[in-house]
Enquirer: 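There's a structure below that I have some questions on.
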Amino acid sequence: MTGTNHRHAVDPVTRQLIRGSLRAARMECELLIERTAMSAFIREKKDYQVNFLGRNGHELYGDSMGSDMVKCVWDTYPLETMASGDLYWYNDPYLSKGSVSHTPDMTFLAPVFFEGEVVAYCHSFAHFWDLGGSRPGSIGPANTEIFHDGTLVPPIKIVDRGKLNDEAYRIILRNSRYPDLLEGDTRALMAAANRAQERLLEMFSRFGKEATLAALDADQSDTAAMVREKSLEIIPQGSFGVRDYMDHAGVSDRWYSYHVKLSREGNEITLDATESDDQADGSINFLASDGALAAYFGQHFHQYDTSLLPNHGLLAAIDNVQLRQGSILQPDWPAALGCRAHTFTKLKSSVRALLAKATGGQVMAGSAVYVIAYWRMKDSSGNWLLCTDGIAVGHGARPFADGLDAIYSRHNENYPGEFMEMEYPLRMERYAIAQDSGGPGKYRGGCGIIRDVRILADEGTFGLRVENNIFPTWGVAGGMGGGTSKVLVNPGTPQEKEIRAFSDDNLWKKGDLVRVYTAGGGGWGDPFERETDQVLDDVLDGFVSIQAARNSYGVVIDPETLVINQHATTAKRKDLRTSRGATKLFHRFNYFDTAEEELEWVEKNIPR
């Protein structure tokens with residue numbers, strides 16, 4: 001396809017070369033971060049990204065999920081005040097209107113000047129180790145206001161025409177418990193932003209300003225056209241809603257929920273989240289932007305043509321987004337936001353739940369919320385050491401395959417046991433699949449994991465950001481909900497006790513062992529339709545127990561010979577189908593079709 005704007009036409013070959021240049025530049029800049037950052041959350045877990053933005057602030061290529069990364073900078077530094085060599089830094093979720101979703105996510109933004117004018121912006125981003133706040137690691141389950149989450153940095157010009165603003169830099173570094181790590185990480189992010197500028201300037205020089213701008217505009221138009229076509233093809237006329245639940249907010253026992261309703265009237269599509277609960281008393285609030293919610297739909301539709309760049313065109317799926325100020329999706333200042341992943345991870349799954357209603361269940365089932373443990377220890381000199389440990393969970397089954405087992409989140413990774421033991425007075429003694437955690441289905445939900453960590457230091461505390469302890473993931477199209485999470489201290493000993501899964505300031509001393517069971521993803525399709533040989537394979541591999549094979553799948557396996565009894569299996573499946581009755585679209589605790597149906601059951605059986 002030939003892309004055009006009001007000034008220039010670009011041939012298809014040039015467009016592909018420009019796309020390839022963007023992809024290569026992003027990969028190079030992200031590898032630069034990985035190889036030069038100092039904190040483990042960035043260099044080992046890989047919680048970072050580099051994005052390219054247009055001169056109007058719209059995403060050209062990246063993963064900023066519909067966020068407006070430039071507007072809050074323009075509010076303080078108008079375009080006419082910017083110069084070549086400038087670099088801006090911020091992390092304030094409220095001033096950025098949710099473009100940054102919690103304080104550890106530091107953002108660096110560089111304008112790209114070509115032939116005397118701004119033609120683009122480069123944006124580097126990563127999750128930082130510690131920015132002060134109430135506890136090592138800054139964010140945590142016990143936080144109740146944004147100030148507990150660490151240092152707030154409004155948009156500042158950290159580099160002015162190539163010169164570092166040393167005064168501001170020293171103030172920010174001073175507010176971290178680990179200033180050396182913060183300095184190393186920030187310099188890695190600044191270097192990546194500078195390298196991204198270099199690569200964009202090379203691209204503009206090679207292809208020319210007019211051709212490059214026209215090609216980038218055309219790419220956004222192509223993505224928008226595909227996403228819009230798919231949304232109109234898949235989303236029917238009418239309205240339908242879903243609700244999902246968070247276990248609690250860390251500081252009380254009450255659960256919270258949000259509600260999203262998708263409506264189509266003619267060709268206008270609206271997403272309404274105004275019936276969501278009021279903001280939480282803890283840190284699970286998610287300051288959602290209109291663009292983020294629209295982009296979640298666009299990301300789903302992008303699977304239909306991944307040759308197109310993920311860019312601002314993803315927002316074309318939704319025309320209007322309605323949010324309510326003071327709700328859990330639009331909290332008032334200064335609500336804490338540090339553990340917002342409990343909410344937005346489920347919100348992404350709810351996009352698929354809405355589309356399940358439109359497609360008869362032809363979507364991926366619900367995925368568990370990824371887990372973070374804050375292992376804190378005192379060294380011999382009395383200083384606090386911190387290991388922020390991202391732990392994998394199970395993801396939802398798909399209409400064509402089982403869910404992914406033991407995945408943290410997207411491109412992020414888990415720490416290898418060797419790394420943890422090399423860097424900290426900790427020992428990882430077990431890292432295994434959590435049996436029966438994947439939701440039963442024709443396609444099984446992905447399994448969570450079991451992770452045993454023992455402290456070797458004299459004393460310490462630990463915080464747990466573990467969700468899906470009360471509310472499991474949902475299954476779809478007859479598939480069943482996944483297994484829940486759990487945390488034990490010193491399991492199998494007289495001192496064994498269960499720890500609140502989402503909690504902080506838990507004490508541990510030398511020799512104590514913490515076992516984390518993470519949740520699994522929901523299943524897809526009727527579990528009695530799963531091939532019996534697949535069930536046997538799961539039993540042999542340790543993903544499903546013999547008891548669950550019998551009770552959840554109706555597959556009878558001899559515990560001695562590990563051979564399927566086909567006659568008994570046929571009879572068992574018949575009995576289970578009769579006693580269960582017909583399936584419905586969703587399953588969590590029971591089968592249900594509507595949000596109202598499940599809410600009635602939850603309010604009766606799990607009172608707030």
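Starting from 1, each residue takes its place in the sequence as its number. Small disclaimer: the values here were computed from a predicted structure and weren't measured. The figures here come from the full heavy-atom set of this structure, side chains too, leaving out hydrogens, waters and symmetry mates.
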Enquirer: For G338, does its backbone N or O pair with a side-chain atom of H102 as donor and acceptor, under 3.5 Å?
Expert: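 Yes; at least one donor-acceptor contact below 3.5 Å.
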
Enquirer: Of all residues at least two apart in sequence or in a different chain, which pass the salt bridge (charged side-chain N to carboxylate O under 4.0 Å, His left out) check with K346?
Expert: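 Testing K346 for salt bridge (charged side-chain N to carboxylate O under 4.0 Å, His left out), a comparison that skips the adjacent residues, returns E467.
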
Enquirer: Side chain of N490, backbone of L513: donor and acceptor closer than 3.5 Å?
Expert: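 At least one qualifying donor-acceptor pair exists.
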
Enquirer: Whether the side chain of N143 engages the backbone of H148 through a donor-acceptor N/O pair (distance < 3.5 Å, no angle test) should be reported.
Expert: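 Yes.
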
Enquirer: Whether the side chain of E600 engages the backbone of E596 through a donor-acceptor N/O pair (distance < 3.5 Å, no angle test) should be reported.
Expert: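 Between the backbone of E596 and the side chain of E600 there is no qualifying donor-acceptor contact (under 3.5 Å).
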
Enquirer: Using the ring centroid of each side chain, check whether W601 and F589 are separated by less than 6.0 Å.
Expert: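 Yes - the distance between ring centres of W601 and F589 falls below the 6.0 Å cut-off.
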
Enquirer: Would you mind reporting whether F344 and I284 have side-chain heavy atoms less than 4.5 Å apart?
Expert: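 In short, these two side chains do not touch, never coming nearer than 4.5 Å.
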
Enquirer: Less than 3.5 Å apart, any donor N or O on the side chain of R352 or S349 sitting next to an acceptor on the other?
Expert: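 Indeed, the side chains of R352 and S349 share at least one donor-acceptor pair under 3.5 Å.
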
Enquirer: Which residue is it: R177, K378, M377? I am looking for the one with a side chain to side chain contact (heavy atoms under 4.5 Å, CB included) to W384.
Expert: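 Only one option passes, and that is K378.
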
Enquirer: Return yes when atom NZ of K261 has more than 12 non-hydrogen atoms of other residues, nucleotides or ligands closer than 6.0 Å, and no otherwise.
Expert: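 No, not enclosed.
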
Enquirer: Is there a donor-acceptor contact under 3.5 Å from the side chain of S283 to the main chain of G140?
Expert: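 Checking the backbone N and O of G140 against the side chain of S283, a donor-acceptor pair under 3.5 Å is found.
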
Enquirer: On a heavy-atom basis, which atom in M38 and which in G184 lie closest, and how many Å separate them?
Expert: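 So the two residues come closest at SD-CA, 3.6 Å.
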
Enquirer: Scan side-chain atoms only and decide if N469 and D247 contain a donor-acceptor pair under the 3.5 Å cut-off.
Expert: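 Note: N469 and D247 side chains miss the donor-acceptor criterion.
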
Enquirer: Which word best sums up how the rings of F286 and Y296 line up, parallel for under 30°, tilted for 30 to 60°, or perpendicular for over 60°?
Expert: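 Parallel: the ring planes of F286 and Y296 meet at under 30°.
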
Enquirer: Any ion pair linking R580 and D575 (charged N to carboxylate O, less than 4.0 Å)?
Expert: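 So D575 does not pair with R580 through a salt bridge.
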
Enquirer: Might you work through the salt bridge (charged side-chain N to carboxylate O under 4.0 Å, His left out) test for R588 and E598, ending with a clear yes or no?
Expert: CA-CA 9 Å; R588 194 190 317 261; E598 187 186 32; 2.6 Å; yes

Enquirer: So for atom CD, which belongs to E531, do other residues, nucleotides or ligands contribute more than 12 heavy atoms lying within a distance under 6.0 Å?
Expert: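 Result for CD/E531: open.
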
Enquirer: Do K357 side-chain atoms and G241 backbone N/O form a donor-acceptor pair below 3.5 Å?
Expert: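 Pair found, side chain donor or acceptor close to backbone of G241.
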
Enquirer: Tell me if a side-chain donor or acceptor on D130 pairs with a main-chain N or O of G132 at a distance below 3.5 Å.
Expert: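 Between the backbone of G132 and the side chain of D130 there is a qualifying donor-acceptor contact (under 3.5 Å).
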
Enquirer: Can you tell if the side chain of E34 reaches within under 4.5 Å of the side chain of Y48, non-hydrogen atoms only?
Expert: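 In short, these two side chains touch, coming nearer than 4.5 Å.
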
Enquirer: Any chance you could measure D452, atom CG, to R515, atom CZ, to the nearest 0.5 Å?
Expert: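 So the gap between those two atoms works out to 4.0 Å.
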
Enquirer: Contact between F471 and T484 at the side-chain level, heavy atoms closer than 4.5 Å - yes or no?
Expert: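 They are not in side-chain contact.
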
Enquirer: To the closest 0.5 Å, what do you measure between OG1 (T144) and CG (N285)?
Expert: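 Answer rounded to 0.5 Å: 11.0 Å.
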
Enquirer: Keeping S350 on the side-chain end and A353 on the backbone end, is there a donor-acceptor pair under 3.5 Å?
Expert: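 Checking the backbone N and O of A353 against the side chain of S350, no donor-acceptor pair under 3.5 Å is found.
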
Enquirer: Pick one: which of T532, V544, V539 meets side chain to side chain contact (heavy atoms under 4.5 Å, CB included) with I557?
Expert: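 The single option meeting the side chain to side chain contact (heavy atoms under 4.5 Å, CB included) with I557 is V539.
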
Enquirer: Taking the six-membered ring for Trp, is the centroid-to-centroid distance between H342 and Y256 below 6.0 Å?
Expert: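 No; Y256 has its ring centre 6.0 Å or more from that of H342.
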
Enquirer: How far apart are the closest heavy atoms of G361 and V476, and which atoms are they?
Expert: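 Distance-wise, the nearest heavy atoms are CA-CG2, 4.0 Å.
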
Enquirer: What orientation do W474 and F586 show, parallel under 30°, tilted 30 to 60°, or perpendicular over 60°?
Expert: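 Perpendicular, since the angle between the ring planes exceeds 60°.
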
Enquirer: For the pair R530 and D402, find out whether any cationic side-chain nitrogen is under 4.0 Å from an anionic carboxylate oxygen.
Expert: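 So R530 pairs with D402 through a salt bridge.
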
Enquirer: So do the side chains of F502 and N468 get within less than 4.5 Å of each other, counting heavy atoms only?
Expert: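 No, too far: nothing below the 4.5 Å cut-off.
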
Enquirer: Would you kindly check if the NZ (Lys) or CZ (Arg) of R608 is within the cone defined by 45 degrees around the ring axis of W255 and under 6.0 Å from the six-membered ring centre?
Expert: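 The answer is yes, since R608 meets both limits relative to W255.
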
Enquirer: Establish, from distance only, whether the side-chain atoms of S545 and D436 form a donor-acceptor pair under 3.5 Å.
Expert: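 Side chains of S545 and D436: pair found under 3.5 Å.
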
Enquirer: Would K486 and Y517 count as a cation-pi pair here, with the cationic atom under 6.0 angstrom from the ring centre and within 45° of the axis?
Expert: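 Yes, K486 and Y517 form such a contact.
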
Enquirer: Give the intermediate values and the outcome of side-chain hydrogen bond (donor to acceptor under 3.5 Å, both in side chains) for residues S138 and D149.
Expert: CA-CA 5 Å; S138 303; D149 290 345; over 6 Å; no

Enquirer: Taking atom CD of E597 as the centre, report whether more than 12 heavy atoms of other residues, nucleotides or ligands fall under 6.0 Å from it.
Expert: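 For E597, atom CD is crowded (more than 12 foreign heavy atoms under 6.0 Å).
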
Enquirer: Within this structure, what is the OG1-NE2 distance for the pair T473 and H587, rounded to the nearest 0.5 Å?
Expert: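 Output value for this atom pair is 10.5 Å.
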
Enquirer: Between R135 and D504, is any pair of side-chain heavy atoms under 4.5 Å apart?
Expert: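 Answer yes - side chains close enough.
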
Enquirer: Could you walk me through whether R454 and E429 pass salt bridge (charged side-chain N to carboxylate O under 4.0 Å, His left out), step by step?
Expert: CA-CA 7 Å; R454 191 181 300 277; E429 298 189 0; 2.6 Å; yes

Enquirer: Scan side-chain atoms only and decide if S252 and D281 contain a donor-acceptor pair under the 3.5 Å cut-off.
Expert: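 The answer is yes; a qualifying pair exists.
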
Enquirer: Starting from the C-alpha separation in whole Å, work towards a yes-or-no answer on salt bridge (charged side-chain N to carboxylate O under 4.0 Å, His left out) for K509 and D458.
Expert: CA-CA 6 Å; K509 61 183 184 303; D458 288 336; over 6 Å; no

Enquirer: Please report the closest heavy-atom contact between E560 and D558, naming both atoms and the distance.
Expert: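 In terms of heavy atoms, the two residues are closest at N-OD1, 2.7 Å.
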
Enquirer: Once you round to the nearest 0.5 Å, how far does CG of L287 lie from OG1 of T343?
Expert: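 Those atoms lie 11.5 Å apart.
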
Enquirer: Judged by modelled atom types alone, do Y553 and T569 share a side-chain donor-acceptor pair under 3.5 Å?
Expert: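 No, because no side-chain N or O of Y553 sits under 3.5 Å from a partner of the opposite role on T569.
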
Enquirer: Is the closest side-chain heavy-atom distance between N506 and L464 below 4.5 Å?
Expert: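 SC-SC contact between N506 and L464 confirmed.
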
Enquirer: What's the verdict on salt bridge (charged side-chain N to carboxylate O under 4.0 Å, His left out) for R444 and D405, showing C-alpha distance, side-chain angles and the deciding distance?
Expert: CA-CA 10 Å; R444 173 181 52 75; D405 305 297; 3.0 Å; yes

Enquirer: Decide yes or no for Y415 and C387: does some side-chain heavy atom of the first lie under 4.5 Å from some side-chain heavy atom of the second?
Expert: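 Touching, per the 4.5 Å side-chain cut-off.
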
Enquirer: Using every non-hydrogen atom in the two residues, find where A392 and I449 come nearest and quote the distance to one decimal.
Expert: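 That would be O-CG1, 3.5 Å.
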
Enquirer: Please verify the inter-ring angle class for W524 with Y443; under 30° counts as parallel, over 60° as perpendicular, anything in between as tilted.
Expert: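 The arrangement is tilted - the two ring planes meet at 30° to 60°.
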
Enquirer: Hey, is the main chain of Y374 close enough, under 3.5 Å, to the side chain of T388 for a donor-acceptor pair?
Expert: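 No; zero donor-acceptor contacts below 3.5 Å.
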
Enquirer: Using side-chain hydrogen bond (donor to acceptor under 3.5 Å, both in side chains), reason through T583 and D526 one step at a time and then give a plain yes or no.
Expert: CA-CA 8 Å; T583 64; D526 190 334; 5.4 Å; no

Enquirer: At what distance, to the nearest 0.5 angstrom, does CG of L536 lie from CG of L540?
Expert: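 If we round to the nearest 0.5 Å, L536:CG and L540:CG are 4.5 Å apart.
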
Enquirer: Can you see which heavy atom on S552 is nearest to which on P440, and at what distance?
Expert: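 What the structure gives for the nearest pair is CB-CG, 3.7 Å.
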
Enquirer: Any donor-acceptor pair under 3.5 Å linking the side-chain atoms of S39 with those of D185?
Expert: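 Their side chains do contain a donor-acceptor pair, which is all the 3.5 Å distance test asks for.
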
Enquirer: Looking only at non-hydrogen atoms, find the nearest pair between F462 and V489 and report the distance.
Expert: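 That would be CZ-CG2, 4.0 Å.
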
Enquirer: Is any side-chain heavy atom of P527 closer than 4.5 Å to a side-chain heavy atom of K442?
Expert: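 No, every pair of side-chain atoms sits at 4.5 Å or beyond.
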
Enquirer: Do we see a donor-acceptor contact under 3.5 Å between the side chains of D105 and N91?
Expert: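 No, no side-chain donor-acceptor pair sits under 3.5 Å.
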
Enquirer: Atom CD of E44 and atom NZ of K46: how far apart are they, to the nearest 0.5 Å?
Expert: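 Answer for the CD-NZ pair, E44 versus K46, is 6.0 Å.
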
